[in-house]
**Student:** 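Next up is a structure, given as structure tokens.
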Amino acid sequence: MNKFQKKVLKQFPNAYVESTATGLRIINNDRYLAKEFYMPDTTCEDTAWEYAALACKMTQNFNRAHPSRMDLSDVENKLARINRRKKNGRRVK
């Protein structure tokens, strides 16, 4: 088990290698993991795991910076909490 296989299996425990006419690819719940990123099928199993690990990493990075996740309520709550502390600190002095 190489490092790419470990990364993929950590995120998708049911992932497995499927052989097709065009080559090998990594499948999880009947979904090709690297399809969204147009990764080609490969003849080497290690390369297939590498492509799947790269797809997992890119998906995670996209989800981290996706506009629908940029909710300002967390930032507003944080700033309100800081301002409350500042006001309370001025009263103590």
Side-chain angles (χ1 to χ4, degrees):
M1 183 179 296
N2 60 19
K3 66 179 183 177
F4 300 118
Q5 190 173 359
K6 286 180 185 177
K7 286 181 182 181
V8 173
L9 290 176
K10 186 185 292 183
Q11 197 166 3
F12 300 104
N14 298 328
Y16 61 92
V17 179
E18 181 182 83
S19 179
T20 62
T22 57
L24 299 172
R25 57 188 185 174
I26 307 300
I27 303 291
N28 182 49
N29 295 334
D30 298 329
R31 189 175 73 95
Y32 176 36
L33 293 180
K35 184 176 183 175
E36 294 174 351
F37 303 106
Y38 298 103
M39 300 283 187
D41 292 349
T42 174
T43 57
C44 178
E45 186 175 338
D46 291 335
T47 308
W49 284 110
E50 185 177 352
Y51 287 165
L54 184 62
C56 292
K57 179 180 173 184
M58 289 169 52
T59 302
Q60 183 179 12
N61 288 340
F62 283 139
N63 289 340
R64 183 179 297 135
H66 196 272
S68 66
R69 287 205 57 219
M70 298 294 185
D71 186 16
L72 295 179
S73 64
D74 294 337
V75 175
E76 290 172 356
N77 291 339
K78 180 179 178 182
L79 291 175
R81 193 174 62 245
I82 291 171
N83 287 331
R84 253 194 331 264
R85 285 196 319 239
K86 284 183 180 178
K87 289 178 186 176
N88 290 339
R90 288 185 187 145
R91 290 181 191 157
V92 172
K93 291 181 182 179

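This one's a predicted model, so the numbers in the text were calculated from it and none came from an experiment.
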**Student:** When rounded to the nearest 0.5 angstrom, what distance separates CE in Met39 from CE in Met58?
**Tutor:** 5.0 Å
**Student:** With sequence neighbours left out, write down each residue that passes side chain to side chain contact (heavy atoms under 4.5 Å, CB included) with Asn14, or none if nothing qualifies.
**Tutor:** Asn28, Asn29
**Student:** What pairs with Glu18 under salt bridge (charged side-chain N to carboxylate O under 4.0 Å, His left out), at least two apart in sequence or on another chain?
**Tutor:** Arg25
**Student:** Which pair of heavy atoms, one from Ala34 and one from Ala55, lies closest together, and at what distance?
**Tutor:** CA-CB, 3.8 Å
**Student:** Evaluate Asn2 against Gln5 for side-chain contact (heavy atoms from CB on, under 4.5 Å), listing each step before the verdict.
**Tutor:** CA-CA 5 Å; Asn2 60 19; Gln5 190 173 359; 3.2 Å; yes
**Student:** Working to the nearest 0.5 Å, report the span between CG of Leu54 and OG1 of Thr59.
**Tutor:**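 With rounding to 0.5 Å, CG (Leu54) is 9.0 Å from OG1 (Thr59).
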**Student:** In the hydrophobic cluster built from side-chain contacts under 4.5 Å, what are the other members alongside Trp49?
**Tutor:**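 Its cluster partners, ordered by chain and number, are Met1, Phe4, Val8, Leu9, Phe12, Val17, Leu24, Ile26, Leu33.
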**Student:** Could you list the cluster mates of Tyr38? Members are the ILVMFWY residues connected by side-chain heavy atoms closer than 4.5 Å, either directly or through other members.
**Tutor:** none
**Student:** Which pairs pass salt bridge (Lys or Arg N to Asp or Glu O under 4.0 Å) with one or both residues in residues 34-54, sequence neighbours excluded?
**Tutor:** Arg31-Glu36
